[in-house]
Amino acid sequence: MSILTSAKLPKALPDGFFDRDAELLARELLGKVIRHKVGDLWLSARIIETEAYYCEEKGSHASLGYTEKRKALFLDGGHIYMYYARGGDSLNFSARGPGNAVLIKSAYPWVDEVSGPASLAQMLLNNPDASGRPRPAQKLCAGQTLLCKALGLKVPVWDAKRFDHEILFVEDVGAAVPHILQTTRLGIPHGRDEHLMYRFVDAAYAPYCTRNPMRRGQVEGRDYLVLG
């Protein structure tokens, strides 16, 4: 059984951490670990790809206006906004300013003394491929819906909620992110500010994100930037 000790809990990010500009929050979340308790297991994944969204730009859900479903986007930083994308669940965190948020685009399975091999095994069971076979671990959370499926996160349970450190939180495990790739977001329709470079990728994990900004044919300075 994996349990959190009192020494671990102080590393959970407080709600105030999320009260910052969406682009800054998107960068600062890289390297942090999402932990979700399911039964006796803590399922965990290191964030490797994020996207920032602002109320005033056309790529965001908030730009369509306030609704009860979108209310989490207009609440204080640190609220959870979940929605369905292509039939799967997607995880977002509200940032500073009404309508601003960060989408957790992809992650990488995290194994340590809290989330051991049994946790990883459960994540593999949660998210098999289309044939029912286990996915490669490095691709288990390579996409926003794959991430939620592997971690067992569901829209009806967590949408518009705060974090609950007994069940779900984001932890600073001290993982360094020396280089960040900045590029355009994915899946933004033409004419809805698809040119904005609001996607951020942990460069060391670029091969395992939704779409590698450094794939063949991409040019640094034109298609992506490298942030130190």
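Residue indices begin at 1 and follow the sequence shown.
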message: Could you walk me through whether Asp129 and Arg135 satisfy the salt bridge (Lys or Arg N to Asp or Glu O under 4.0 Å) test, starting with their C-alpha distance in whole Å, then the side-chain angles of each, then the deciding distance to 0.1 Å, before giving a yes or no?
response: CA-CA 6 Å; Asp129 66 18; Arg135 295 179 189 272; over 6 Å; no
task: I would like to know whether Arg35 and Val114 meet side-chain contact (heavy atoms from CB on, under 4.5 Å); could you show each step before the answer?
output: CA-CA 9 Å; Arg35 296 201 192 267; Val114 174; 3.6 Å; yes
- prompt: So Val102 and Tyr53, side-chain contact (heavy atoms from CB on, under 4.5 Å) or not? Walk me through it.
  reply: CA-CA 6 Å; Val102 172; Tyr53 288 87; over 6 Å; no
message: Is there a side-chain contact between Asp76 and Phe18 in this structure, where contact means two heavy atoms from C-beta onward sitting under 4.5 Å apart?
response: no
message: Does any part of the side chain of Leu30, heavy atoms only, come nearer than 4.5 Å to the side chain of Lys32, both counted from C-beta?
response: no
query: Which pair of heavy atoms, one from Ser90 and one from Leu103, lies closest together, and at what distance?
result: CB-CD1, 4.3 Å
task: Determine the minimum heavy-atom distance between Ala204 and Pro207, stating which atoms define it.
output: O-CD, 4.3 Å
Please output the side-chain donor-acceptor pairs of residues 146-160 that fall under 3.5 Å, not counting sequence neighbours, one pair per line with the distance.
unit_1, atom_1, unit_2, atom_2, d
Asp159, OD1, Met82, N, 3.0
Asp159, OD2, Lys69, NZ, 3.1

query: Under the salt bridge (charged side-chain N to carboxylate O under 4.0 Å, His left out) rule, what pairs show up with a residue in residues 209-228, not counting sequence neighbours?
result: none
message: Counting C-beta onward and ignoring hydrogens, is there a side-chain heavy-atom pair between Tyr83 and Asn92 closer than 4.5 Å?
response: yes
field: Donor + acceptor pair across side chains of Glu49, Thr210 (<3.5 Å)
entry: yes
query: Counting only heavy atoms not in Lys58, do more than 12 fall under 6.0 Å of its NZ?
result: no
message: Is it true that Asp21 and Tyr54 share a donor-acceptor pair across their side chains at a distance under 3.5 Å?
response: yes
- request: Would you mind reporting whether Phe74 and His79 have side-chain heavy atoms less than 4.5 Å apart?
  value: no
Side-chain heavy-atom pair Leu13, Glu171 within 4.5 angstrom cut-off: no
- prompt: Is it true that the side chains of Thr183 and Arg199 contain a donor and an acceptor less than 3.5 Å apart?
  reply: no
message: Set out, in order, the CA-CA distance, both residues' side-chain angles and the distance that settles salt bridge (Lys or Arg N to Asp or Glu O under 4.0 Å) for Asp193 and Arg185, then state yes or no.
response: CA-CA 9 Å; Asp193 292 327; Arg185 296 171 298 187; 5.8 Å; no
- request: Considering non-hydrogen atoms only, spot the tightest contact between Ala206 and Val201 and give its length.
  value: CA-CG1, 3.9 Å
query: Under the 3.5 angstrom rule, does the side chain of Glu194 hit a backbone N or O of Arg192 as a donor-acceptor pair?
result: yes
task: Check the pair Ser106 / Gln144 against side chain to side chain donor-acceptor pair (under 3.5 Å), numbers first and verdict last.
output: CA-CA 5 Å; Ser106 64; Gln144 63 202 65; over 6 Å; no
- request: Determine, stepwise, if the pair Phe200 / Leu227 fulfils side-chain contact (heavy atoms from CB on, under 4.5 Å).
  value: CA-CA 10 Å; Phe200 301 92; Leu227 310 179; 4.3 Å; yes
query: Yes or no on side-chain contact (heavy atoms from CB on, under 4.5 Å) for Phe93 and Leu29, after CA distance, side-chain angles and deciding distance?
result: CA-CA 10 Å; Phe93 305 139; Leu29 281 170; 4.0 Å; yes
query: Would Arg70 count as a cation-pi partner of Tyr66, with NZ or CZ less than 6.0 Å from the six-membered ring centre and within 45° of the ring normal?
result: no
- prompt: Under a 4.5 Å cut-off applied to non-hydrogen side-chain atoms, are Ile34 and Leu168 in contact?
  reply: yes
- prompt: Hey, are the side chains of Arg46 and Asp202 touching, using non-hydrogen atoms and a 4.5 Å cut-off?
  reply: yes
